[in-house]
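Residues take their numbers from the sequence shown, with the count starting at 1. Atoms within a ligand are numbered from 1 in the order they appear, just like the ligands themselves.
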Amino acid sequence: MIDRSLYDEQKPLDMHNLQFDIAAQHLQVEPWILEKIKAPRREFSVRFPLRLDNGTIVHLSGYRVQHNTLRGPGKGGIRYHPQVDLDEVRALAGWMTWKCAVVDIPFGGAKGGVTCDPGAMSLAEKERLTRRYIWEISPIIGPEQDIPAPDVNTDPQVMAWVVDTYSVFKGHTCNSVVTGKPLSIGGSLGRLKATSQGCVYVMAEAAAATGLDLAGCRVVVQGLGNVGYHAAEILHDAGAVIVGLSNVQGGLYNPKGLDPRKVQAHFLATDDLLSYPEAQAISNQELLELPCEVLIPAALEGQIGLGNAQRIQARIIVEGANGPTSPFADDILYDRGIFVVPDILANAGGVTVSYFEWVQNLQKLFWTEEDVNKKLRDILVRSFKEVHDIARKEKINMRTAAYMLAIGRVAEAKRVRGIFP
Ligand code: GLU
């Protein structure tokens, strides 16, 4: 039996480990294999100086954790955020391992991060930070070793600096070292919106599985970063009513619907989301508890826990973010009949199209956006069905089912590879 009192739902690594242990209980995997694949394989910490625009020099901590490389190179984004620490990066790297295994793409899992406040940095400072951090981790990344990508507060421009810095390190242009690049240097069509598009594909599957009619349904999106913004935009264009939107400043509510483009334009012009005129300003907590059919948490970890799971009104939760719901909340939501599409499936569209980008780079080929989206949809619909079948058969929630599928695949890779020497 798992002693749940040992786990703190505010700590991403505790959540990762508890999610793993819950699923492992349902599997017949050799204990030594479970022990091997639960913990990170390799962890790299760096500390480096950054010259600010005003001439001051500050020192920053950065990390790259390669959680698992049994099924292929490490894969996962780079995050710039004040909350970044080694334990968070460990959890995020682990979630990448299970994500890549759920959708069955030939990658392990990795993640990187720098503890910093990108909101307070100029573009030039962000570039210097990126170049120095990438220089520091260059010995352990590479197209066959570990392939970074965007995550919270990093974008295609940051990925372009990654390509440039790594290429200087190697002495020749090497664009397959990173995904989520601009199109002009080997990015893939469809990558920018891939995570959001993937959320929309699995949301349709979840609606079909639960008998929910998506026509005119009310959607709440937490977070207006790459994932949240594009999910809101795609759903708004498809006729959903976006009743709630938020960013770090707080939330907006309008039961008649919000136009994400207008909200974003207002924010970019004023830097003040909450002064948007056609909505009521609410807190992030209120946003999560709004009446709606679909809730898409697309911000950070630890949003739905013991404190609010009882008050969530959505019928379906599609986790655009990594780790937004604790396993304690999972139990409450499951008992209340709320259908959760877990992060490692719901937001796997991003890394799936990252995989397509890497394949195109290695083959020096370019696919059309239609091709990318069709292949993406095929993979996500197939994965959803595989996970949903396990959930129904075992009478467990979708998260535990997804972990069972993923752990089973990674465990099998370990079993056949054996141990060295
Ligand atoms: N940062 C994204 C994630 O958490 C994408 C990772 C990738 O494309 O490698 O899934």
In the protein, which heavy atom is nearest to [atom], and how far is it?
| atom | result |
| --- | --- |
| atom 7 (C) of ligand 1 | Ala149 CB, 3.3 Å |
| atom 3 (C) of ligand 1 | Lys99 NZ, 3.3 Å |
| atom 8 (O) of ligand 1 | Ser354 OG, 2.6 Å |
| atom 9 (O) of ligand 1 | Lys75 NZ, 2.7 Å |

For residues 387-396, dump all side-chain donor-acceptor pairs below 3.5 Å to protein atoms at least two apart in sequence or in another chain.
residue, atom, partner, partner atom, Å
Asp389, OD1, Arg392, NH2, 2.9

Output the list of atoms in ligand 1 that are nearer than 4.0 Å to some heavy atom of [X], sorted by atom number.
| X | result |
| --- | --- |
| Met96 | 3 (C), 4 (O), 6 (C), 10 (O) |
| Asp151 | 1 (N), 2 (C), 4 (O) |
| Gly76 | 9 (O) |

Proximity of [X] to ligand 1 by residue part, where a heavy atom lies under 4.0 Å:
| X | result |
| --- | --- |
| Arg191 | side chain |
| Lys111 | side chain |
| Asn322 | side chain |
| Pro150 | backbone |

Is a donor on one side and an acceptor on the other found under 3.5 Å between the side chain of Asn308 and the backbone of Arg311?
no
Residue pairs, two or more places apart or on separate chains, that pass salt bridge (charged side-chain N to carboxylate O under 4.0 Å, His left out) and touch residues 232-243:
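Non-adjacent pairs meeting salt bridge (charged side-chain N to carboxylate O under 4.0 Å, His left out): Lys193-Glu233, Glu233-Arg261, Asp237-Arg261.
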Do [X] and [Y] have their ring centres less than 6.0 Å from each other?
| X | Y | answer |
| --- | --- | --- |
| His67 | His16 | yes |
| Trp135 | Tyr166 | no |
| Phe20 | Tyr403 | no |

Heavy-atom closest pair, residues Asp343 and Gly323:
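So the two residues come closest at OD2-N, 2.7 Å.
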Side chains of Ser122 and Asp53, donor plus acceptor under 3.5 Å
yes
